[in-house]
Amino acid sequence: AQSVTQLGSHVSVSEGALVLLRCNYSSSVPPYLFWYVQYPNQGLQLLLKYTSAATLVKGINGFEAEFKKSETSFHLTKPSAHMSDAAEYFCAVTLSGGSNYKLTFGKGTLLTVNP
Amino acid sequence: DVKVTQSSRYLVKRTGEKVFLECVQDMDHENMFWYRQDPGLGLRLIYFSYDVKMKEKGDIPEGYSVSREKKERFSLILESASTNQTSMYLCASSLIGARNQPQHFGDGTRLSIL
């Protein structure tokens with residue numbers, strides 16, 4: 001079965017510092033991977049997705065993620081944090097084969113940005 | 001632009017009531033999903049539907065049912081609400097046969113059962 005682990009339920013950074021949010025997946029077949037962001041009192045918004053075309057994926061708001069098959073990881077990074085990046089971030093995986101259209105989500109990482 | 005609309009942002013109901021949560025999408029998507037979101041647990045899938053009148057159970061279907069009479073509308077029903085169903089409920093939709101396509105989410109309904 002597919003699964004996603006997000007290391008760190010809460011990450012705190014200073015404005016201007018590097019943001020690194022960790023995601024590891026478990027899948028026996030090539031996965032499709034997604035990062036979503038949720039601002040307070042809103043639904044989830046897609047940040048970026050990996051679909052096997054390129055291992056380094058660029059998303060919105062300056063975020064990017066790198067797919068590393070050997071490490072089964074898909075960590076999210078941003079070179080310089082902004083106050084507006086404060087939100088909860090979810091990593092999700094779906095399988096590339098079979099009839100399963102479902103996304104499996106990690107438990108989320110709450111990002112706090114300090115002035 | 002893509003739009004998933006949930007009928008209520010906040011809802012307060014009483015134990016034992018039958019509760020309906022409505023979701024409408026305007027993207028002609030075949031797949032629709034209902035999740036609940038709880039602190040520390042992330043998103044958990046309740047039910048999903050891949051076509052009109054078709055549904056499949058997700059990971060936590062107990063105490064819930066769904067209805068999809070029209071392609072654009074997917075309803076979640078709490079047959080007899082209980083306090084442990086107090087949660088944030090999120091609806092999503094996506095294209096069928098396109099597993100690399102993302103799900104699009106509504107803004108959520110925060111449901112309180114008293």
Side-chain angles (χ1 to χ4, degrees), chain A residues 1-10 21 23 25 27 29-54 57 59-60 65 67 74 87-110, chain B residues 1-10 21 23-25 27 29-51 54-61 88-111:
Chain A
Q2 63 201 50
S3 67
V4 173
T5 302
Q6 291 185 239
L7 297 175
S9 59
H10 188 192
L21 304 182
C23 173
Y25 69 92
S27 173
V29 296
Y32 290 137
L33 293 155
F34 305 83
W35 274 101
Y36 285 85
V37 61
Q38 185 179 34
Y39 299 104
N41 296 316
Q42 293 186 24
L44 276 67
Q45 178 183 352
L46 181 71
L47 267 181
L48 50 81
K49 63 181 182 181
Y50 167 75
T51 58
S52 77
V57 181
I60 61 171
F67 174 71
F74 190 56
E88 190 157 24
Y89 293 79
F90 293 91
C91 182
V93 63
T94 190
L95 298 180
S96 60
S99 61
N100 189 342
Y101 297 100
K102 297 184 292 184
L103 281 176
T104 299
F105 286 86
K107 290 181 167 40
T109 298
L110 182 65
Chain B
D1 197 12
V2 164
K3 191 70 174 176
V4 177
T5 303
Q6 295 184 230
S7 55
S8 304
R9 292 298 305 275
Y10 301 93
L21 303 184
C23 175
V24 176
Q25 50 96 3
M27 297 163 285
H29 285 169
E30 293 85 0
N31 291 332
M32 294 189 75
F33 306 82
W34 275 107
Y35 296 89
R36 66 175 282 174
Q37 181 181 14
D38 300 288
L41 297 179
L43 275 73
R44 294 179 291 169
L45 182 64
I46 305 171
Y47 268 97
F48 73 102
S49 168
Y50 50 90
D51 200 354
M54 305 304 288
K55 62 185 180 185
E56 283 195 25
K57 293 180 180 179
D59 300 317
I60 52 165
M88 168 73 97
Y89 290 87
L90 292 166
C91 176
S93 72
S94 70
L95 288 169
I96 199 167
R99 202 165 287 105
N100 61 340
Q101 293 299 313
Q103 292 181 15
H104 300 270
F105 285 82
D107 283 337
T109 295
R110 190 167 293 280
L111 175 64

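All figures in this text were calculated on a predicted structure; none of them were measured in a lab. Quick note: numbers below take in every heavy atom, side chains included, and nothing from hydrogens, waters or symmetry partners.
For chain B, no part of A/Tyr50 is nearby; none of its heavy atoms comes within less than 4.5 Å. When heavy atoms are compared at a cutoff of 4.5 Å, A/Gln45 does not approach chain B at all. For B/Leu90, the part lying under 4.5 angstrom from a heavy atom of chain A is the side chain only. Neither the backbone nor the side chain of B/Arg44 comes within less than 4.5 Å of any heavy atom in chain A. Proximity to chain B (any heavy atom under 4.5 Å) is shown, for A/Leu44, by both the backbone and the side chain. Heavy atoms of B/Tyr10 lying under 4.5 Å from chain A belong exclusively to its side chain. For chain B, the nearby part of A/Gln38 is the side chain; its heavy atoms alone come within less than 4.5 Å.
A/Lys107 pairs by the side-chain contact (heavy atoms from CB on, under 4.5 Å) definition with nothing, not counting sequence neighbours. Listed by chain and number, the residues in a side-chain contact (heavy atoms from CB on, under 4.5 Å) with B/Thr5 are B/Lys3 (sequence neighbours excluded).
When B/Met88, B/Gln37, B/Glu56 are compared by the number of non-hydrogen pairs under 4.5 Å with chain A, B/Gln37 comes out ahead.
The two residues B/Gln6 and B/Asp107 come nearest to each other via the heavy atoms OE1-N, 3.9 Å. Closest heavy-atom contact between A/Leu7 and A/Thr109: O-OG1, 4.4 Å.
Side-chain contact between A/Val4 and A/Cys23: present, with at least one pair of heavy atoms (C-beta onward) separated by less than 4.5 Å.
Below 30°, between 30° and 60°, or above 60°: for B/Phe33 and B/Tyr35 the angle between ring planes is below 30°, a parallel geometry.
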